[in-house]
A.B. asks: 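Quick one: the structure is below, questions incoming.
The structure presented is a predicted model; accordingly, all values stated were derived computationally and were not measured.
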Number of protein chains: 2
Amino acid sequence: MSAQKVDYYASESKIYIATDCIIFGFDNESIKLLVFKRRVAPFEGEWSLIGSFVKNDESVNNAAKRVLREITGLENVFMKQLKVYGEVDRDPGSRCITVGQYALIRIEDQDKALVEKHGAVWHDLHELPDLVLDHNTMVKDALTQLRLRASYQPIGFELLPEKFTIPSLQKLYEEIYQIEFDARNFRKKIIALDVLTKLDEKDKSSSKKGAFLYKFNPTKYNKLLEAGINFKL
Amino acid sequence: MSAQKVDYYASESKIYIATDCIIFGFDNESIKLLVFKRRVAPFEGEWSLIGSFVKNDESVNNAAKRVLREITGLENVFMKQLKVYGEVDRDPGSRCITVGQYALIRIEDQDKALVEKHGAVWHDLHELPDLVLDHNTMVKDALTQLRLRASYQPIGFELLPEKFTIPSLQKLYEEIYQIEFDARNFRKKIIALDVLTKLDEKDKSSSKKGAFLYKFNPTKYNKLLEAGINFKL
DNA sequence: TTTTTTAAATGTACAAAATACATTTATTAT
DNA sequence: ATAATAAATGTATTTTGTACATTTAAAAAA
């Protein structure tokens, strides 16, 4: 459709456009979601995803990037459109559609002061409070999307620090899918993918022996993609 | 985001919302896309996807359903959101974002007179003309989505008549993925899925021997889904 | 210095799934 | 009766997935 026809439609167009971010993080224990308690009306005191109206001079995707930057201080974050929530009555205030976008961030990279300043809190994904409007639905949809995407693209690395161990990667996938993997088979499969670079360092924070650190190798991954090889966890 | 804050944003909100349909069909030969030649400005005489502005009193998804019904006469069609195209300058006329939605229809079910009345034409997917705005991009994205989804959900049946043969199903998948499958292995895999019901009739339109007709069995498929079994072509 | 403790690292046998590949069959047309 | 056409079928091989138990490195405690 082209808006060069706007004259014919001007009288109809009173629909506001927002974007809401479903922000996932991982703290080596469980998957977290960044939400905040609204400090002003409407829905003062209630939990909500973090979002914004789309401004006239920014793209929908850039609006989401802006929101993320304003809250966490982060740029160049992994973010994908989830879907448009466009029911007529989804927002009792006024007709407003929103574009859900989910983001994967490395919690330790966040600007903690900025996050706190906005009253944003990392909540355990599997024990979320009630959120305003259809935000709980958005989170549910986003998790489904995350699982689907994680099954054909190694996005897990987006949630981990640059250097990570195989056991922590396994833990992450266990949290995403809520099932346990066999450590030997998991390691075998990940190593076989051949997208990791093993480092000489160890992380001894969780065992006396320590676990070797690895780095994700995007070059190798892109070669895989070009060769048309489809990853399957 | 909630639009109960509209007062603060009212001055900013001059963004039009449209939806465009990427309508796929299959004629037992190749995959087709339904497009039309614009008869009025803007872009008069150019090829375009079929879309509409979203009306104040209809949801985004219903707007797409309306478009599909107005053009093809069909309801209850398989349709999924693709993504939002929300770049600031994507439409030179006025700020307008559009929600791309792809649909899979059974060509023979269409209201042919209605389609013709609208100047809509089925074009070979792999030999499309230049379309207006970013519509070619939308089609490319939709095909990627279609391939992805077809790999974990048997949506191929949405494009076939109620009764179809295994060879025609194979041909469809070959068209979607643009690769050839081994007829024995393809048949084995599809039968093993156990979501088809074999009929006593044959379709003799393409061979002397004739090929048995099958029907898709949604009940069996839903049982599979519930059991958590993930289809993989 | 030895022993204990902890989680990391490793290998193999078996089962299931994917792949490669050639012949027979049912039917119509000649 | 024969020829022609596409449909239908089976098997052996390779690849991938799964189940499962022991050893190892390092730190802490004795």
A.B. asks: Which whole-number value in Å describes the distance from B:Leu193 CG to C:dA18 C1'?
C.D. replies: 14 Å

A.B. asks: Any base atoms under 4.0 Å from A:Lys204, or only sugar-phosphate, or nothing? Heavy atoms, all strands.
C.D. replies: sugar-phosphate

A.B. asks: NA contact type, B:Lys202, heavy-atom cut-off 4.0 Å: base, sugar-phosphate, or nothing?
C.D. replies: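 Sugar-phosphate: the residue B:Lys202, judged by heavy atoms under 4.0 Å, touches backbone atoms but no base.
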
A.B. asks: Could you tell me the separation between the CZ atom of A:Arg184 and the P atom of C:dA9, rounded to a whole number of Å?
C.D. replies: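 Taking atom P of C:dA9 as the reference, CZ of A:Arg184 is at 14 Å.
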
A.B. asks: On a plain distance test, is the side chain of A:Lys209 in donor-acceptor contact with the base of D:dA25 below 3.5 Å?
C.D. replies: no

A.B. asks: Can you measure A:Asp182 atom CG to D:dG17 atom P for me and round it to whole angstrom units?
C.D. replies: 14 Å

A.B. asks: Return yes if a side-chain donor-acceptor contact under 3.5 Å exists between B:Asp203 and B:Ser205, otherwise no.
C.D. replies: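 Yes, B:Ser205 and B:Asp203 have a side-chain donor paired with an acceptor closer than 3.5 Å.
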
A.B. asks: Round to a whole Å and report the spacing from NZ of A:Lys198 to C1' of C:dA9.
C.D. replies: 8 Å

A.B. asks: If you pin B:Ala183 and B:Ser207 to their nearest nucleotides in DNA chain D, which one's is more 5'?
C.D. replies: B:Ser207

A.B. asks: Taking all heavy atoms of B:Lys215 and all of B:Glu162, pick out the closest pair and write down the distance.
C.D. replies: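 Heavy-atom minimum between the residues: CG-O, 3.6 Å.
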
A.B. asks: Kindly indicate whether the side chain of B:Tyr177, heavy atoms from C-beta on, has any atom under 4.5 Å from the side chain of B:Ser151.
C.D. replies: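 They are in contact (side-chain heavy atoms under 4.5 Å apart), so the answer is yes.
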
A.B. asks: Using atom CG of B:Asp203 as one end and atom P of C:dA26 as the other, report the distance to the nearest whole Å.
C.D. replies: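 Roughly 18 Å, once rounded to whole Å.
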
A.B. asks: Between atom CG in A:Asn185 and atom P in D:dA21, what is the gap in whole Å?
C.D. replies: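 Rounded to whole Å, this separation is 13 Å.
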
A.B. asks: Closest heavy-atom contact between A:Gly156 and A:Leu172?
C.D. replies: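 Closest approach of A:Gly156 to A:Leu172, heavy atoms only: O-CD2, 3.2 Å.
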
A.B. asks: May I ask you to check whether A:Tyr85 and A:Asp20 show a side-chain donor-acceptor distance below 3.5 Å?
C.D. replies: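 No donor-acceptor contact under 3.5 Å links the two side chains.
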
A.B. asks: For C:dA8, does OP1 or OP2 lie under 4.0 Å from any side-chain N or O of A:Arg187?
C.D. replies: no

A.B. asks: Find the distance B:Lys188:NZ to C:dA17:C1' and express it as a whole number of Å.
C.D. replies: 10 Å

A.B. asks: Would you indicate which nucleotide in D:dA7, D:dT5, C:dA18 comes nearest to any side-chain atom of B:Lys208?
C.D. replies: D:dT5

A.B. asks: Taking atom C1' of D:dA19 as reference, at what distance in whole Å does atom CD of A:Glu180 sit?
C.D. replies: 15 Å

